[in-house]
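Here is the structure we will look at.
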Amino acid sequence: MSTLFSCENPATWRSVYGKYWDVVEAKVKSKKPGKLLNLEKWYQEELPTLISSRPEKHVTKSELVKLMEWKLTRGKFRPRLQQLVASNSEDTVEKCSRKAFSLLPDVQAAIAELSSLKGVGPATASAVLAAGAPEQAAFMSDEAMESVPGLKPIQYTAKHYALYLGKMVERTEKLNKVDPEQDWTPHKLELCLWALTTAKQQQLPLLKDVDEKASGVAEKCSDADTHLRPTKKLRTR
């Protein structure tokens, strides 16, 4: 488990966040060249803009299919999920996602609504919400959940997501209280946790000694875990 989640110094978090795309690019080398990077840029930059530009937030069927491709490329590839998601009708996807976004800030109700779609569970539903409402939701990634205390064993259920999101929101609020920029969101925290965990998995030097480089770091944020020593491969879904 990473000690980053317990760190209360925003400078440390920002140091990790600043290396996010470097970690993505490094991970690409172990995946299909260019595919992960292109999908990551689409999910993190293009999709949020598309969703927010609509009078009523929603995703289209093609966007949901591509989002699933992003999720499976980022984690464990399961072609059956792609087939199931693609079997939803265009109208059903738009109506369901429109209703889900309208249910916010009740994230759990929105997760339940999206989970009624074929091939969509809490993890995929969380990815949809994080793209359109990053200030309220965080993607349910293995890497982030493995980094949050008290969530093991990991379960891909709505109840487990509620526990995970609750902790992410709490940490987000604490960081914003001490960071003058106050721009932290649950989604941004997930990116940081994913980056640090992935860097450790890949044994990358990108975030080595990041805690020492940040000012005023608490001792609990600078133990061996944050020095990117090799760890066992995390479970993927």
Side-chain angles (χ1 to χ4, degrees), residues 1-27 40-41 43-45 47-49 51-52 74 104-105 107 126-127 129-152 154 160-229 231 234:
M1 182 181 68
S2 168
T3 55
L4 176 63
F5 185 81
S6 300
C7 183
E8 299 179 357
N9 190 308
T12 301
W13 284 88
R14 207 168 291 283
S15 293
V16 177
Y17 183 70
K19 293 291 185 180
Y20 180 77
W21 287 105
D22 291 331
V23 175
V24 172
E25 290 179 4
K27 184 176 174 62
E40 193 72 29
K41 286 183 176 179
Y43 176 77
Q44 303 294 351
E45 299 172 359
L47 183 59
T49 300
I51 295 174
S52 297
R74 204 181 195 231
L104 295 176
V107 178
S126 72
L129 296 179
E135 71 286 353
Q136 297 181 59
F139 174 47
M140 192 183 191
S141 67
D142 288 338
E143 292 81 3
M145 288 195 294
E146 288 277 0
S147 303
V148 179
L151 292 183
K152 294 182 179 180
I154 290 174
H160 209 72
Y161 180 69
L163 292 173
Y164 162 69
L165 183 61
K167 290 176 179 290
M168 294 288 272
V169 168
E170 182 180 10
R171 174 53 62 201
T172 297
E173 293 175 345
K174 288 183 177 180
L175 284 174
N176 281 330
K177 283 183 179 179
V178 295
D179 191 339
E181 294 189 38
Q182 298 184 327
D183 58 352
W184 293 101
T185 65
H187 171 65
K188 199 169 180 178
L189 262 61
E190 189 273 332
L191 298 184
C192 293
L193 296 174
W194 181 89
L196 186 57
T197 301
T198 299
K200 289 168 68 176
Q201 286 179 316
Q202 302 288 324
Q203 298 182 38
L204 304 174
L206 289 168
L207 294 171
K208 186 178 168 90
D209 299 328
V210 66
D211 292 331
E212 281 85 348
K213 295 176 183 177
S215 60
V217 181
E219 183 178 354
K220 63 183 176 182
C221 299
S222 59
D223 66 11
D225 275 347
T226 53
H227 293 174
L228 304 187
R229 64 188 179 190
T231 59
L234 298 184

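For clarity, every value in this text was computed on a predicted model and none was experimentally measured.
Taking all atoms of both residues into account, the shortest heavy-atom contact from T197 to S147 is OG1-OG, 3.0 Å. Looking at every heavy atom in both residues, A133 comes nearest to L104 through CB-CD1, 3.6 Å. Summarising the geometry of L165 relative to A137, their closest heavy-atom pair is CD1-CA, 4.0 Å, with the distance given to 0.1 Å. Contact between T172 and P186 at its shortest, heavy atoms only, is OG1-N, 3.4 Å. Summarising the geometry of A131 relative to I51, their closest heavy-atom pair is CB-CD1, 4.0 Å, with the distance given to 0.1 Å. Residues L175 and C7 approach most closely at CD2-O, 4.3 Å, considering heavy atoms.
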Dump the intermediate steps for side chain to side chain contact (heavy atoms under 4.5 Å, CB included) on E146 and K152, then the final yes or no.
CA-CA 7 Å; E146 288 277 0; K152 294 182 179 180; 2.8 Å; yes
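Residues that satisfy the side-chain hydrogen bond (donor to acceptor under 3.5 Å, both in side chains) test with N176, not counting sequence neighbours, are absent from this structure. Partners of K41 by salt bridge (charged side-chain N to carboxylate O under 4.0 Å, His left out), not counting sequence neighbours: none found. Partners of E25 according to the salt bridge (charged side-chain N to carboxylate O under 4.0 Å, His left out) rule, which considers only residues two or more places apart in sequence or in another chain, do not exist here. For E173, the side chain to side chain contact (heavy atoms under 4.5 Å, CB included) test picks out V169, with sequence neighbours left out. A search for side chain to side chain contact (heavy atoms under 4.5 Å, CB included) contacts involving L151 returns M145, V148, H160, L163, Y164, K167, not counting sequence neighbours. A127 pairs by the side chain to side chain contact (heavy atoms under 4.5 Å, CB included) definition with Y43, L67, W70, F139, not counting sequence neighbours. Judged as a salt bridge (charged side-chain N to carboxylate O under 4.0 Å, His left out), and not counting sequence neighbours, the contacts of E181 are R14. With sequence neighbours excluded, the residues satisfying salt bridge (charged side-chain N to carboxylate O under 4.0 Å, His left out) with K188 are D183.
Of the N and O atoms on the side chains of T198 and E143, not one donor lies less than 3.5 Å from an acceptor on the other residue.
Here CD of E170 is found 11.5 Å from CG of L189. Values are rounded to the nearest 0.5 Å. Separating the CG atom in D179 from the CG atom in N9 is a distance of 9.0 Å, to the nearest 0.5 Å.
The closest side-chain heavy-atom distance from V178 to E8 is not below 4.5 Å. Residues M168 and R171 are not in side-chain contact: their nearest non-hydrogen atoms beyond the backbone lie 4.5 Å or more apart. In this structure, C192 and L4 have side chains that are in contact, with non-hydrogen atoms separated by less than 4.5 Å. Within the 4.5 Å cutoff, no side-chain heavy atoms of H187 are placed close to those of Q136.
Taking the six-membered ring where tryptophan is involved, the planes of Y20 and W194 are tilted, since the angle between them lies from 30° to 60°.
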